[in-house]
*Asks:* 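Sharing a structure with you now.
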Amino acid sequence: MCAALPREGLAEQFPQEGTLLFFLFDGQVDEDVFVSADDPETWAGAQVLYVPENTPVVPTEAPPELEAFARVELTADTEQSAPDLWLPQARQALLGDTRHWPHPRETPAELKSFVRAFGRLRTRIGHQVGGHAVPVQGPVEYDIANAALGGMHAWGEQPLDQEAERWVVLAQFDSDSDARTVWGDGDTLYWLIRPEDLAGRRFGRARLTVQG
């Protein structure tokens, strides 16, 4: 329920009412089929639906071939969030030029202590709506940007940086033993969307990446 969420940390374009529903093909029917940001033919397996306020809805039972997940009541709190330091916006703020920081493994010596201290503040993954992602294997924005550009550009190249800046986090969902939702080997799901699509309620253009 969008109206129940604290507005702090949410993008200005985020709906103020209605409901967002997140669906993922989790492999129960065929564990050899999975959703990949790099493969458009699999995108149908990761969908975000927006139900406007006062839309008539009817509860539906899960298909018999699927085992329904346990219902878990959720609450929302506001927490601090910060961008990943490898994103172009952060590199620009720290160094003034993204080209001077070619790869995460090549952190400038004068920033190593800051990067270590910053990393200790970004250890909790959990469930999250809006804000900045807490990635497991590098900025999720680059996962989506690389897929959007067809894998044509390497780290540090301007087109990849520019595309990464075009995506914002819609939500992230960690594996959750209470709900018996364990993605892969304990992975985390990240849904991203472009701000213009968020403003236009075009949630069919949201994209999923998985890290773990």
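In this text the structure is predicted, and so the values were computed from the model without any measurement.
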*Asks:* Using every non-hydrogen atom in the two residues, find where Gln128 and Val134 come nearest and quote the distance to one decimal.
*Replies:*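 Taking Gln128 first and Val134 second, the nearest heavy atoms are OE1-CG2, 4.3 Å.
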
*Asks:* Residues in salt bridge (charged side-chain N to carboxylate O under 4.0 Å, His left out) with Arg166, at least two apart?
*Replies:*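 Salt bridge (charged side-chain N to carboxylate O under 4.0 Å, His left out) check on Arg166 returns Glu163, Glu196.
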
*Asks:* Drop me the distance from Arg207's CZ to Leu192's CG, to the nearest 0.5 angstrom.
*Replies:* 11.0 Å

*Asks:* Just say parallel, tilted or perpendicular for the rings of Phe173 and Phe22, cut-offs at 30° and 60°.
*Replies:* perpendicular

*Asks:* Is Val51 close to Leu21 at the side-chain level, that is, under 4.5 Å between some pair of heavy atoms?
*Replies:*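 Yes. Closest side-chain heavy atoms under 4.5 Å.
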
*Asks:* Glu165: which residues meet the side-chain contact (heavy atoms from CB on, under 4.5 Å) condition with it, sequence neighbours left out?
*Replies:* Pro88, Gln89

*Asks:* How close do Thr19 and Met1 get, counting heavy atoms only, and between which atoms?
*Replies:*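 For Thr19 versus Met1, the nearest heavy atoms are OG1-SD, 3.1 Å.
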
*Asks:* Would you name the heavy atoms of Ala37 and Ala147 that are closest together and state the gap between them?
*Replies:* O-CB, 3.1 Å

*Asks:* I need the Tyr142 OH to Asp84 CG distance, nearest 0.5 Å.
*Replies:* 9.0 Å

*Asks:* Quick one: CD on Gln172 to OG1 on Thr209, what's the gap to the nearest 0.5 Å?
*Replies:* 12.0 Å

*Asks:* Which ring-ring contact (aromatic ring centres under 6.0 Å, His included) pairs, counting each pair once, include a residue from residues 1-21, with sequence neighbours left out?
*Replies:*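 Output for this query is empty, none listed.
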
*Asks:* If you look at every heavy atom in Asp197 and Arg205, which pair is closest and at what distance?
*Replies:* OD1-NH1, 3.2 Å

